[in-house]
There are 2 protein chains.
Amino acid sequence: MKKITIGEASRQSGVKVPTIRYYEGIGLLSAPSRSEGNQRSYEPADISRLVFIRHARELGFEVDAIRTLLILQDDPNQSCASADAIAKARLIDVEQRIRSLMALKVELEAMVAGCGHGRVDQCRVIEVLADHGQCAHNHH
Amino acid sequence: MKKITIGEASRQSGVKVPTIRYYEGIGLLSAPSRSEGNQRSYEPADISRLVFIRHARELGFEVDAIRTLLILQDDPNQSCASADAIAKARLIDVEQRIRSLMALKVELEAMVAGCGHGRVDQCRVIEVLADHGQCAHNHH
DNA sequence: CTTGCACCTCTAGTCGCTAGAGGATGTAGG
DNA sequence: CCTACATCCTCTAGCGACTAGAGGTGCAAG
């Protein structure tokens with residue numbers, strides 16, 4: 001029975017120490033047992049859970065979505081329809097973001113290309129920002 | 001001299017009323033004159049400024065960056081090198097975000113496609129989240 | 001004159017952490 | 001055993017960019 005300190009858990013999971021305590025506070029991670037001196041003592045299962053959370057966060061899932069995914073993970077007999085729905089919603093969101101960012105990219109490229117590196121009154125960057133009508137994404 | 005109320009300014013600029021007040025509070029917008037009854041009274045120039053800010057926010061510029069852009073806009077004799085630099089930095093950021101999101105998209109698609117719509121213990125969504133080693137972006 | 005909307009200020013909440021204060025614990029060396 | 005030092009503890013406050021709500025005032029139409 002080796003005791004895993006919060007620092008060790010952090011190193012193994014890649015989740016920062018204050019973030020681990022934060023996750024405990026918001027109920028994503030259940031409170032671990034404590035040492036005699038009141039220090040948190042984790043088990044391997046907690047590390048797995050932290051890795052799960054970190055990975056989901058990296059994929060942009062919100063904490064509420066992760067909460068649901070963790071509940072599903074804890075009960076393997078359930079249908080995975082919810083997990084599927086959450087992942088699909090996230091996929092749609094990511095696709096939407098990519099589309100917006102592509103539009104932004106086009107507009108920013110035009111701004112940067114149009115900048116004659118002269119004075120501000122000839123600068124397309126400022127001009128485009130000031131007058132929405134001149135810009136690439138006035139589709140709304 | 002028609003007086004523009006904050007509500008009218010909001011309608012014309014597309015910036016919400018509390019957000020206009022917020023912008024005034026953080027010094028993005030200078031405090032307008034007031035009516036006898038202490039109500040804010042805007043001028044057309046303020047509307048242009050709000051449109052400028054809104055558009056810049058839509059393009060993802062941070063408030064600090066917008067502050068700099070507004071200073072540049074107010075002094076058209078300045079070199080537009082700063083504006084150019086800010087726009088270029090933003091472009092690089094957007095490109096980076098697009099790359100990350102594309103990687104995410106690939107991974108989420110694999111998750112969704114791999115979900116057999118059965119029980120959680122056969123669900124790739126949960127599985128991939130639990131085990132980083134199985135996923136598409138373990139390049140770090 | 002009254003109704004009702006728009007306006008005012010102020011505080012607190014959102015999300016997902018992060019930083020810092022001020023103190024206790026655990027460990028390694030002398 | 002003592003000391004030094006890293007790590008741990010709790011608690012509160014701050015970040016960015018708003019948003020929501022309470023509690024009160026102004027103003028225009030009927």
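In what follows, chains are A, B, ... by sequence order, proteins preceding strands, each numbered from 1. We use all heavy atoms of the structure for the numbers below, so side chains are in, but hydrogens, waters and symmetry mates are not.
Only B:Arg21, listed by number, bring a heavy atom of residues 20-32 of chain B to less than 4.0 angstrom from any atom of DNA chain C. For the segment residues 9-17 of chain A, residues with any heavy atom less than 4.0 angstrom from an atom of DNA chain C are, sorted by number, A:Lys16.
The minimum heavy-atom distance linking A:Ala56 with B:Leu129 is given by the pair CA-CD2, 3.6 Å. Nearest heavy atoms, A:Leu101 versus B:Val94: O-CG1, 3.5 Å. Counting all heavy atoms, side chain and backbone alike, A:Leu69 lies closest to B:Val125 at CD2-CG1, 4.4 Å.
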Show me the donor-acceptor pairs within less than 3.5 Å that the side chains of residues 85-92 of chain B make with the rest of the protein, sequence neighbours left out.
unit_1: B:Lys88; atom_1: NZ; unit_2: B:Asp84; atom_2: OD2; d: 3.1
unit_1: B:Arg90; atom_1: NE; unit_2: B:Leu59; atom_2: O; d: 2.7
unit_1: B:Arg90; atom_1: NE; unit_2: B:Gly60; atom_2: O; d: 3.4
unit_1: B:Arg90; atom_1: NH1; unit_2: B:Asp93; atom_2: OD2; d: 2.6
unit_1: B:Arg90; atom_1: NH2; unit_2: B:Leu59; atom_2: O; d: 3.2

Between the protein and nucleotides 27-30 of chain D, which nitrogen or oxygen pairs are less than 3.5 angstrom apart?
none

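Using a cutoff of 4.0 Å between basic side-chain nitrogens and carboxylate oxygens, A:Glu58 and A:Arg54 are scored as salt-bridged. Ion pair A:Arg99/A:Glu95 not flagged as a salt bridge, since none of the NZ, NE, NH1 or NH2 atoms sits closer than 4.0 Å to an Asp/Glu carboxylate oxygen.
B:Leu70 places a side-chain heavy atom less than 4.5 Å from the side chain of B:Ile66.
Each salt bridge (Lys or Arg N to Asp or Glu O under 4.0 Å) pair with one or both residues in residues 9-19 of chain B, not counting sequence neighbours, appears once here: B:Glu8-B:Arg11.
The outermost nucleotides of DNA chain C lying under 4.0 Å from heavy atoms of chain B, listed 5' to 3', are C:dC7 to C:dT9.
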- Step by step, would you call B:Ile53 with B:Val15 a side-chain contact (heavy atoms from CB on, under 4.5 Å)? CA-CA 9 Å; B:Ile53 295 169; B:Val15 179; 5.9 Å; no
